[in-house]
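The block underneath contains the structure these notes are about, expressed in structure tokens.
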Amino acid sequence: DAGVIQSPRHEVTEMGQEVTLRCKPISGHNSLFWYRQTMMRGLELLIYFNNNVPIDDSGMPEDRFSAKMPNASFSTLKIQPSEPRDSAVYFCASSGGRRGYYEQYFGPGTRLTVT
Amino acid sequence: KNQVEQSPQSLIILEGKNCTLQCNYTVSPFSNLRWYKQDTGRGPVSLTIMTFSENTKSNGRYTATLDADTKQSSLHITASQLSDSASYICVVSDQTGANNLFFGTGTRLTVIP
């Protein structure tokens with residue numbers, strides 16, 4: 001079992017550039033979550049998909065952030081244009097059911113640095 | 001306002017000693033509470049999950065307690081090991097239809113030899 005796979009593991013980009021983070025959830029899981037983690041704010045839920053449909057995107061900070069889940073085995077989180085305050089570790093997690101009831105399995109994260 | 005607060009922010013203990021981490025919450029209506037362990041450079045891993053009716057749950061040397069009346073939980077680590085050095089995050093879910101999740105900012109534990 002490969003677990004949740006994220007790529008890239010590290011990303012360094014300049015302010016204004018587009019950044020795309022990728023996630024492959026655990027096979028058979030029907031819920032997918034994108035989180036952002038910083039020292040100041042801890043873990044924050046950005047968006048939650050269930051059966052490939054966005055259910056809650058209230059955590060997406062602004063229009064510069066967008067997420068898609070075109071099928072059950074792939075999701076992307078895009079930031080365009082990126083800003084230095086977007087620097088953080090972004091985690092993808094998946095679970096076998098509804099948020100709040102099923103255990104979430106986290107990927108290794110993508111460390112994003114925007115200069 | 002729904003909140004989760006953890007204490008202490010950081011903790012240093014000697015290998016072999018016990019320690020207790022605290023989590024206080026104001027989330028209502030309450031559904032469940034989870035403790036996660038996050039090693040440096042890795043994603044969080046679930047340690048325990050407790051619902052309203054559960055007071056104690058163990059996972060090896062980790063024991064979580066829940067007092068739903070006072071809205072407090074603790075994570076007790078027995079006979080600490082160097083590998084216990086990590087951040088421990090408390091997450092509370094509400095019982096609304098959205099099943100919202102509320103995260104604490106974590107306790108950073110360092111176990112020294």
Side-chain angles (χ1 to χ4, degrees), chain A residues 1-10 21 23-26 29-50 53-59 88-113, chain B residues 1-10 21 23-25 27-54 57 59 62 64 86-109:
Chain A
D1 187 355
V4 175
I5 299 172
Q6 291 187 247
S7 64
R9 293 294 311 277
H10 302 272
L21 311 182
C23 175
K24 177 179 171 55
I26 292 173
H29 282 187
N30 61 3
S31 289
L32 183 139
F33 309 80
W34 281 102
Y35 292 92
R36 178 172 66 179
Q37 186 176 42
T38 61
M39 288 293 292
M40 289 297 295
R41 301 170 67 93
L43 263 177
E44 301 173 282
L45 177 65
L46 299 177
I47 187 168
Y48 155 48
F49 291 88
N50 184 252
V53 176
I55 302 299
D56 181 2
D57 65 355
S58 59
V89 181
Y90 291 82
F91 288 102
C92 175
S94 70
S95 74
R98 286 168 56 197
R99 169 176 67 174
Y101 289 96
Y102 290 81
E103 183 171 345
Q104 294 186 26
Y105 294 84
F106 285 76
T110 295
R111 180 173 295 277
L112 173 65
T113 303
Chain B
K1 180 181 178 183
N2 289 313
Q3 284 186 312
V4 177
E5 294 187 354
Q6 293 186 244
S7 62
Q9 270 192 328
S10 61
L21 314 180
C23 174
N24 297 337
Y25 62 93
V27 176
S28 182
F30 173 84
S31 176
N32 59 67
L33 183 147
R34 303 162 190 265
W35 283 94
Y36 284 89
K37 178 187 180 189
Q38 185 176 19
D39 293 318
T40 301
R42 294 177 175 263
V45 175
S46 180
L47 291 175
T48 65
I49 176 172
M50 288 184 292
T51 59
F52 184 87
S53 59
E54 297 175 295
K57 184 163 281 190
N59 179 355
Y62 300 100
S87 289
Y88 293 83
I89 302 170
C90 176
V91 182
V92 180
S93 175
D94 69 20
Q95 210 172 42
T96 65
N99 302 121
N100 297 301
L101 298 175
F102 300 90
F103 293 82
T105 53
T107 292
R108 177 70 202 175
L109 174 65

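Values reported hereafter were calculated over all heavy atoms of this structure, with side chains retained and with hydrogens, waters and symmetry mates removed. Residue numbering restarts at 1 for every chain, and letters A, B, ... go by the order of the sequence lines.
- Taking the side chain as every heavy atom from C-beta outward, A/Asp56 and B/Asn100 approach each other to under 4.5 Å.
- Using a 4.5 Å cut-off between heavy atoms, A/Arg111 does not touch chain B at all.
- Using modelled atom types, one finds no donor on one side chain facing an acceptor on the other under 3.5 Å when comparing B/Asn32 with B/Thr51.
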Decide yes or no on side chain to side chain contact (heavy atoms under 4.5 Å, CB included) for B/Lys37 and B/Tyr62, but give the supporting numbers first. CA-CA 11 Å; B/Lys37 178 187 180 189; B/Tyr62 300 100; 3.6 Å; yes
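- Within the 4.5 Å cutoff, no side-chain heavy atoms of B/Tyr36 are placed close to those of A/Leu43.
- With a 4.5 Å cut-off on non-hydrogen atoms, A/Gln6 does not touch chain B at all.
- The contact between A/Tyr35 and chain B is made entirely by side chain atoms (from C-beta outward), counting heavy-atom distances below 4.5 Å.
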